[in-house]
Amino acid sequence: MNESSKQSLKNNLTFQILIAMVLGGILGIFIHNNLSAEGAKEFSGYIKLLATVFIRLVQMIISPLVFSTLVVGIAKLGDIKTVGRIGGKAMGWFFTASFVSLLIGMFWVNVLTPGEGLNLSNIDLKTASEVTEKTQVFSAQNFIEHIIPKSIVEAMAGNEILQIVIFSIFFGLAAAAIGDNSKPVVNALDKLSHIVLKMVNYVMKFAPIGVFGAIAGVFAIRDFGDLLMTYAKFFGSFMVGITTLWILLVVVGYIFLKSKMTLLLKRIISPIVIAFSTTSSEAVFPKLTEELERFGVKDRIVSFMLPLGYSFNLDGSMMYMTFASIFIAQAYGIDLDLPTQFTMLFVLMLTSKGIAGVPRASLVVVAATCGMFKIPIEGIALILPIDHFCDMFRSGTNVLGNALATSVVGKWEKEE
């Protein structure tokens, strides 16, 4: 298949996903307006199975893809010095991007104060409890236990990307140190990665159906018009923040990549749309790997950078975390001075690392942070009704941020 044919298929997939979003929205609105609340809820549960199947198909191939590509990538890099150089650039970029994203959220929530004067009388505490039950108080022990795997099998079974990354780095460095004796294993893993990437093509054919189910399920039980009226100030302020982050990322992209940034945006539009509609940046990990290699980033860089990025570089989620945490404080009339807010920012820098790119993971971190700073945890119930729509934008932003980081580091390595 030539390059023009591949591009045509990619554009066709993007078009199909956009059509699926529109049709899903129309069906969901129709069901919402013509069935009882109980009937719409039942319909939503069934139609969302389409999205569940798609996301589970993607999750099925993430662990073998991360392990095989990362080990092969490190083995091809050749030595600890090269891995350290690229890893240093990656972590420098990730922590800078995370800090700036958190800072943008903190800036706009203070300037626009969307939480002031909010009515707290209709909080759904039952729904909030589903999130707060998963919340753990941050401690050094919990942090280390979350990062370091006690079993690679357990890490793969739970799709704990950060833990898989840690094991793969050690495995890849050991393979590189052994030299020629490890070539049969590295070659086998290289073949495995190509097989898994072929599976990606099969799974992505189901993407429009999954997107259709996700959108229809949401609009069947949510009246977006009423929600937007109720949460106009919160959602509008959030959109100002996320738009600021997008503008900054795109500008930085043009500074480092010049005219190639336009090509990168064309390449990643399909993964961004899928992440947007399914509210899962994890759902496009395999597809994004493929698109970045087609863009021209060396496979060894993509296989090293992208798994790290999914653990350390979720820009959209980071911006939302400071925004949502301080919003809840404002709603309860709790005054947080700037030193306290900056302390919160640095806590979020740590507690957010390794969170999966899946729906509502950000809420768990927000709830944990609120608990640390004596902000009522049940306050997350304030943002739950609108959170799904915010999650769409932050998931798409996560994809953009990781694609940009991988492409820029790939360019730096090519120049060296």
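A donor-acceptor contact shorter than 3.5 Å links the side chain of S407 to the backbone of A403. Side chain of K233 to main chain of T113: a donor-acceptor pair is present (N/O by atom type, distance under 3.5 Å, no hydrogens or angles). Here the side chain of N313 pairs no donor or acceptor atom with the backbone of L308 at under 3.5 angstrom. Proximity of a side-chain donor or acceptor of S303 to a complementary backbone N or O of R300 within less than 3.5 Å is detected. Between the side chain of K298 and the backbone N or O of G410 there is no donor-acceptor pair closer than 3.5 Å. Checked by atom type and distance alone, the side chain of S101 never pairs as donor or acceptor with a backbone atom of M319 at under 3.5 Å. Looking at T340, its side chain never comes within 3.5 Å of a backbone N or O of L336 through a donor-acceptor pair. Without hydrogens or angle criteria, T322 side chain to L102 main chain gives a donor-acceptor distance under 3.5 Å. Under a 3.5 Å cut-off, the side chain of S63 and the backbone N or O of M156 do form a donor-acceptor pair. The main-chain N or O of I274 is found under 3.5 Å from a side-chain atom of S277 such that the two form a donor-acceptor pair.
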* To do: Report the C-alpha distance between N201 and E290 in whole Å, list the side-chain angles of each, state the deciding distance to 0.1 Å, and finish with yes or no for side-chain contact (heavy atoms from CB on, under 4.5 Å).
  => CA-CA 9 Å; N201 292 329; E290 194 177 64; 3.0 Å; yes
* To do: Evaluate side-chain contact (heavy atoms from CB on, under 4.5 Å) for L400 paired with D315, printing each intermediate quantity in order.
  => CA-CA 9 Å; L400 173 64; D315 298 334; over 6 Å; no
* **Stepwise side-chain contact (heavy atoms from CB on, under 4.5 Å) check, S44 with F219** => CA-CA 8 Å; S44 176; F219 279 89; over 6 Å; no
* After noting the C-alpha distance and the side-chain angles of Y254 and S259, does the key distance pass the side chain to side chain donor-acceptor pair (under 3.5 Å) rule? -> CA-CA 7 Å; Y254 276 106; S259 59; over 6 Å; no
* **Worked verdict on I221 versus H32 for side-chain contact (heavy atoms from CB on, under 4.5 Å)** => CA-CA 6 Å; I221 57 175; H32 181 79; 5.6 Å; no
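Here CH2 of W93 is found 12.0 Å from OG of S98. Values are rounded to the nearest 0.5 Å. The CE atom of M321 lies 8.0 Å from the OG1 atom of T369; values are rounded to the nearest 0.5 Å. Distance NZ/K198 to CD1/I61: 13.0 Å, rounded to 0.5 Å. Note that OG of S68 and CG of L189 are 6.5 Å apart. Values are rounded to the nearest 0.5 Å. Taking CZ of F276 as the reference point, atom CD1 of I17 lies at 12.5 Å (rounded to 0.5 Å). Separation of atoms OG1 (T279) and CD1 (I215) is listed at 8.5 Å; rounding is to 0.5 Å.
Counting only heavy atoms from C-beta outward, the side chains of F373 and S325 never approach each other to under 4.5 Å. With contacts defined as side-chain heavy-atom distances shorter than 4.5 Å, the pair S270/E291 does not qualify. Looking at heavy atoms from C-beta onward, V22 lies out of side-chain contact with L18 at the 4.5 angstrom threshold. For the pair V284/I272, no side-chain contact is recorded, criterion being any heavy-atom separation below 4.5 Å from C-beta on. A heavy-atom distance below 4.5 Å is not found between the side chains of L192 and V72. F167 is listed as a side-chain neighbour of F67, based on a closest heavy-atom distance under 4.5 Å.
Across every non-hydrogen atom of I326 and M106, the tightest pair is CD1-CG, 3.7 Å. Shown here for A283 and V58, the closest heavy-atom pair between the two residues is O-CG1, 3.2 Å.
Partners of F99 by ring pair (Phe, Tyr, Trp, His ring centres under 6.0 Å), not counting sequence neighbours, listed by chain and number: F346. Under the rule for a side chain to side chain contact (heavy atoms under 4.5 Å, CB included), the partners of E154 that lie at least two apart in sequence or sit in another chain are K150, S151. Residues meeting the salt bridge (Lys or Arg N to Asp or Glu O under 4.0 Å) test with D299, sequence neighbours left out: K76. D337 meets the salt bridge (Lys or Arg N to Asp or Glu O under 4.0 Å) test with no other residue; sequence neighbours excluded. Shown here are the side chain to side chain contact (heavy atoms under 4.5 Å, CB included) partners of N33, two or more places apart in sequence or in another chain: I29.
A salt bridge links K89 with E413: at least one charged nitrogen is closer than 4.0 Å to a carboxylate oxygen. With salt bridges taken as basic N to acidic carboxylate O contacts below 4.0 Å, one links D387 and R394.
The aromatic rings of F234 and Y231 lie perpendicular to each other, with more than 60° between the two planes, well past the 30° mark. Between F312 and F95, the two ring planes are tilted [angle within 30° to 60°].
Between W108 and F238, the gap from one ring centroid to the other reaches at least 6.0 Å.
Judged as a ring-ring contact (aromatic ring centres under 6.0 Å, His included), the pairs with a partner in residues 277-305 (not counting sequence neighbours) are, in order, F285-Y310.
Using modelled atom types, one finds no donor on one side chain facing an acceptor on the other under 3.5 Å when comparing Q330 with N110.
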